[in-house]
Amino acid sequence: MSENIIKTKSFSFALRIVKLFQFLNQEKKEYDLSKQLLRSGTTIGALVRESEQAESKLDFIHKLAIAQKEANESDYWLEVLFQSAC
């Protein structure tokens, strides 16, 4: 069976988000925005994993659609952090 690229990349992204969260908390003392990013950034992979056990095709699509929304939210928090130079 071939590698699930979405599963692999969403997990790697979650690990990078966790490391960024740790850096922002320890080095920059930024707590609120980093917590939002941690939540949305790690939820993506969890939803991708959950979609593997979907009860139907519609359930699968729904879970991945929510993952896409979380990815969009993560992009927003990353942009806010970047623009504010935390």
Side-chain angles (χ1 to χ4, degrees):
M1 194 168 189
S2 64
E3 175 189 14
N4 182 335
I5 193 77
I6 296 172
K7 182 177 172 181
T8 302
K9 287 190 176 230
S10 62
F11 185 78
S12 295
F13 182 73
L15 291 177
R16 292 184 71 186
I17 291 296
V18 169
K19 289 177 184 176
L20 178 58
F21 171 79
Q22 291 168 341
F23 170 77
L24 289 170
N25 273 258
Q26 294 167 2
E27 302 294 324
K28 300 293 185 177
K29 306 299 184 214
E30 201 310 298
Y31 305 108
D32 296 325
L33 295 177
S34 63
K35 203 179 295 185
Q36 290 287 341
L37 177 60
L38 178 68
R39 187 202 53 75
S40 64
T42 55
T43 300
I44 300 164
L47 286 162
V48 169
R49 288 275 179 104
E50 193 177 329
S51 74
E52 292 178 323
Q53 304 301 316
E55 296 175 8
S56 66
K57 186 176 181 179
L58 285 177
D59 187 35
F60 174 78
I61 292 168
H62 178 69
K63 286 179 184 356
L64 289 183
I66 295 170
Q68 184 179 20
K69 288 179 180 183
E70 294 294 335
N72 188 49
E73 182 179 340
S74 298
D75 182 54
Y76 172 78
W77 292 123
L78 286 168
E79 189 173 341
V80 168
L81 285 164
F82 180 74
Q83 293 293 326
S84 65
C86 286

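This is a predicted model, so every value here is computed, not measured.
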message: Using every non-hydrogen atom in the two residues, find where S74 and L37 come nearest and quote the distance to one decimal.
response: O-CD1, 3.7 Å

field: Gap separating the OG1 atom of T42 from the CD1 atom of I17, nearest 0.5 angstrom
entry: 8.5 Å

task: Write down the atom of D59, the atom of A54, and the distance for their closest heavy-atom approach.
output: OD2-CA, 3.4 Å

- prompt: Minimum heavy-atom separation for K63 to L47, with atom names?
  reply: O-CB, 3.9 Å

Approximate separation, where rounding is to 0.5 Å, of E73 CD and T43 OG1: 8.0 Å

query: Under the side chain to side chain contact (heavy atoms under 4.5 Å, CB included) criterion, do Q36 and V80 qualify, and how do the steps go?
result: CA-CA 11 Å; Q36 290 287 341; V80 168; over 6 Å; no

field: Residue pairs, two or more places apart or on separate chains, that pass side chain to side chain donor-acceptor pair (under 3.5 Å) and touch residues 9-20
entry: none

query: Can any side-chain N or O of N25 pair as donor or acceptor with the backbone N or O of F21 at less than 3.5 Å?
result: yes

Exceeds 12 heavy-atom contacts within 6.0 angstrom, atom CZ of F11: no

query: Transitive ILVMFWY cluster of F60 at side-chain heavy atoms under 4.5 Å: who else is in it?
result: I5, I6, V48, I61, L64

- prompt: For Q53, does the CD atom sit with more than 12 other heavy atoms under 6.0 Å from it, leaving out its own atoms?
  reply: no

- line: When every non-hydrogen atom of W77 is compared with those of S40, the smallest separation belongs to CD1-OG, 3.8 Å

message: Are L33 and L78 linked, directly or through intermediate hydrophobic residues, by side-chain heavy-atom contacts shorter than 4.5 Å (ILVMFWY only)?
response: yes

- line: Quick note, salt bridge (Lys or Arg N to Asp or Glu O under 4.0 Å) partners involving residues 76-85, not counting sequence neighbours, are none

message: Grouping I, L, V, M, F, W and Y whenever their side-chain heavy atoms are under 4.5 Å apart, do L38 and L15 come out in a common cluster?
response: no

message: Distance check, rounded to the nearest 0.5 Å: N72 atom CG versus I44 atom CD1?
response: 9.5 Å

